[in-house]
Structures are given as C-alpha cells and as structure tokens.
Amino acid sequence: MRQLDEGIEFAARAHKGQLRKGTDTPYISHPYGVAMILLQAGCKEEVVLAGLLHDTLEDTETTEDDLLRRFGSEVLRLVKGASEPDKGASWEDRKQHTLDFLRSADLDLRLLACADKLHNLRSVRREMETLQDRVWDRFKRGYDQQKWYYTGLVESLKYASRFPLLELLEAEVEAVFGSG
Ligand SMILES: Nc1nc2c(ncn2[C@@H]2O[C@H](COP(=O)(O)OP(=O)(O)O)[C@@H](OP(=O)(O)OP(=O)(O)O)[C@H]2O)c(=O)[nH]1
C-alpha cells in the first residue's frame with residue numbers, strides 16, 4: 001500500500017497542471033481511473049503502479065531512471081511498454097506499432113493496455129451523450145481511423161490469449177463503434 005501511495009503522489013506531481021484533451025478535466029483523473037480498473041481486476045501491485053505511472057515517460061519530465069529508482073525494474077518495464085517509442089512518427093505508424101507490439105506482449109502488459117484504452121473509450125462514450133460525433137474533433141484522427149485503432153486493439157490484445165478484462169473493452173468498442 002505504501003508503494004501505491006507513493007505512486008499516487010508521484011503521478012499527481014508529474015501530471016500537475018495537465019488537462020485531458022479538449023476538456024478542463026485534470027489529466028491525473030486518467031491514470032487514477034486506469035489504476036482503479038486494474039485493482040478491481042485483481043492485478044498485482046506492480047501492474048497497478050504502472051497504471052498510475054503509465055503516461056509519465058510519454059507526457060511528463062519523468063525519466064526512466066526516476067522510475068527505476070523509485071519503483072523498480074518491473075514497473076519501469078511496464079511503463080516503457082505502455083509508451084509510444086517514436087513521438088515523431090505519424091499517428092498511423094505510432095498506432096500500428098502499438099497494435100503490433102501488443103500481439104506478442106505478456107499478460108501484464110496487455111492488462112495495462114486494456115485498462116488504459118477502456119478508460120479512454122469510457123470517457124469518449126460519456127462525452128458522446130452531449131457532443132455526439134463532434135467528440136472526435138479533439139483528436140488527431142476522426143471516427144473511421146479511431147474505429148480502425150480500437151477494433152485493432154481488441155484483435156491484438158486477444159491474439160495470444162483472452163482474459164476477463166478484455167470483455168469489458170470489447171463491449172465498449174461495440175457500444176461506441178458497433179453501429180457505425
Ligand atoms: N479518449 C481520450 N483520450 C485522451 C484524452 N486526453 C488525452 N487523451 C489521449 O489522446 C490519445 C488519442 O488522441 P489522438 O489525437 O488520437 O492521438 P495522439 O494524441 O496519440 O497523437 C490517447 O492515446 P492512446 O494512444 O489511445 O492511448 P495512450 O496510451 O496514449 O493513453 C489518450 O492517451 C481524453 O480526454 N479522452
């Protein structure tokens with residue numbers, strides 16, 4: 001529990017002042033939400049910690065060395081696995097890389113990715129209630145490409161084996177993209 005408290009504080013400091021895309025929602029709500037999904041799914045502490053910290057390498061000043069010293073090599077491995085390696089590549093290439101990577105990733109990495117995408121898509125679905133298709137305007141790509149990405153995520157995550165959390169993501173993808 002002590003490590004989780006440290007992870008909560010570390011993530012809150014790292015993401016201080018950041019907002020979710022196109023909203024006034026503090027960014028930290030996303031890592032906290034991802035960690036809650038992982039806790040509820042019965043994941044071990046390193047995976048929950050990685051949920052709290054999963055965007056710190058990609059979106060904050062945090063370095064790999066910071067994570068290694070504070071949280072150890074397994075948490076660092078998981079957070080690196082949740083980070084896009086080439087920020088300069090096109091949206092299509094970055095997302096294709098994620099789809100390819102997840103096909104052969106171990107279960108803990110797939111649980112982390114699944115919780116991350118599930119939390120993102122749940123917030124999209126909530127906002128669709130007021131914005132309808134305009135919700136996609138805040139993202140770099142619209143409905144068709146996002147549908148390609150999220151349906152591809154489900155395929156990649158189940159490629160090696162299925163797991164219970166994936167069913168929640170599949171249901172969410174169906175609810176958002178199923179009829180489109
Ligand atoms: N749904 C949603 N996403 C948000 C929000 N705020 C920030 N994001 C981030 O936006 C990304 C999707 O935005 P895009 O415009 O399509 O692509 P990009 O930022 O990755 O270039 C998600 O990345 P991702 O690749 O899907 O996942 P991640 O691993 O980067 O988290 C997610 O991290 C929000 O309010 N709702």
Side-chain angles (χ1 to χ4, degrees), residues 7 11-12 14-38 43 47-62 64 67 75-103 105 108-157 165-166 168-177 180:
H15 289 289
K16 189 174 174 191
Q18 294 179 356
L19 301 174
R20 296 283 279 162
K21 260 186 194 187
T23 75
D24 58 3
T25 306
Y27 194 85
I28 192 61
S29 61
H30 171 62
Y32 286 174
V34 171
M36 284 177 66
I37 291 170
L38 292 167
C43 291
V47 180
V48 179
L49 267 169
L52 287 169
L53 299 164
H54 77 277
D55 276 331
T56 57
L57 289 181
E58 209 169 82
D59 297 335
T60 79
E61 301 293 304
T62 304
E64 291 185 18
L67 293 184
V75 171
L76 173 61
R77 182 186 77 86
L78 293 167
V79 174
K80 280 172 74 174
S83 306
E84 292 176 343
D86 184 0
K87 279 191 124 179
S90 69
W91 186 94
E92 284 74 13
D93 287 352
R94 284 184 288 116
K95 302 311 175 193
Q96 186 63 56
H97 174 275
T98 300
L99 298 183
D100 295 341
F101 172 77
L102 289 175
R103 281 166 81 95
D108 285 341
L109 280 164
R110 286 184 286 132
L111 282 161
L112 175 58
C114 188
D116 180 15
K117 309 315 174 194
L118 177 60
H119 190 264
N120 278 340
L121 208 47
R122 279 178 176 166
S123 70
V124 164
R125 188 143 76 99
R126 269 200 320 277
E127 282 160 341
M128 283 178 96
E129 287 166 16
T130 44
L131 290 174
Q132 285 87 34
D133 277 357
R134 280 171 294 135
V135 74
W136 302 112
D137 294 351
R138 72 181 57 151
F139 299 112
K140 292 185 186 129
R141 295 293 184 277
Y143 177 90
D144 289 343
Q145 288 102 323
Q146 300 288 351
K147 180 175 181 174
W148 163 78
Y149 180 45
Y150 277 101
T151 53
L153 282 167
V154 169
E155 290 306 310
S156 293
L157 287 168
L165 193 59
L166 182 60
L168 299 184
L169 181 64
E170 276 183 302
E172 202 61 39
V173 170
E174 177 64 25
V176 172
F177 298 108

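One-based numbering, in listed order, for ligands and for the atoms of each.
Here is the list of ligand 1 atoms found below 4.0 Å of a heavy atom in Y149: 25 (O), 26 (O). Proximity to E58 (heavy-atom distance under 4.0 Å) selects the following atoms of ligand 1: 30 (O). Within the listing of ligand 1, atoms 2 (C), 3 (N), 4 (C), 5 (C), 6 (N), 7 (C), 8 (N), 34 (C), 35 (O), 36 (N) sit less than 4.0 angstrom from a heavy atom of R20.
One finds no salt bridge joining E155 and R103 here, because no Lys/Arg side-chain nitrogen approaches an Asp/Glu carboxylate oxygen to under 4.0 Å. Using a 4.0 Å cut-off between a side-chain N of Lys or Arg and a carboxylate O of Asp or Glu, E172 and K117 do not qualify as a salt bridge.
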Yes or no on side-chain contact (heavy atoms from CB on, under 4.5 Å) for V173 and K147, after CA distance, side-chain angles and deciding distance? CA-CA 8 Å; V173 170; K147 180 175 181 174; over 6 Å; no
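Checking Y143, Y149, W148 one by one against F177, the ring-ring contact (aromatic ring centres under 6.0 Å, His included) holds for a single residue, Y143. A side-chain hydrogen bond (donor to acceptor under 3.5 Å, both in side chains) with K95 is found for exactly one of Q145, Q146, E84, namely E84. Evaluated for a salt bridge (Lys or Arg N to Asp or Glu O under 4.0 Å) with E127, the options R138, K21, R134 yield exactly one hit, R138.
When hydrogens are left out, the protein atom nearest atom 17 (O) of ligand 1 is W91 NE1, 3.1 Å; that is the closest non-hydrogen contact. Residue, atom and distance of the protein heavy atom nearest to atom 12 (C) of ligand 1 are F139 CD2, 3.8 Å.
When the heavy atoms of K140, K95, Q18 are ranked by distance to atom 20 (O) of ligand 1, first place goes to K95. Looking at L121, D116, V124 and measuring to atom 28 (P) of ligand 1, the nearest heavy atom belongs to D116. Of the candidates V135, T23, N120, L112, N120 brings a heavy atom nearest to atom 33 (O) of ligand 1. Nearest residue to atom 27 (O) of ligand 1 from K117, E84, H54 is K117 (criterion: closest heavy atom). Compare R141, R94, K21 by their heavy atoms: the one nearest to atom 14 (P) of ligand 1 is in K21.
Of the N or O atoms in E127, none lie within a sub-3.5 Å distance of an N or O in ligand 1.
The shortest distance between side-chain heavy atoms of L109 and R77 falls below 4.5 Å. Here the side chains of H54 and H30 are in contact, with some heavy-atom distance below 4.5 Å.
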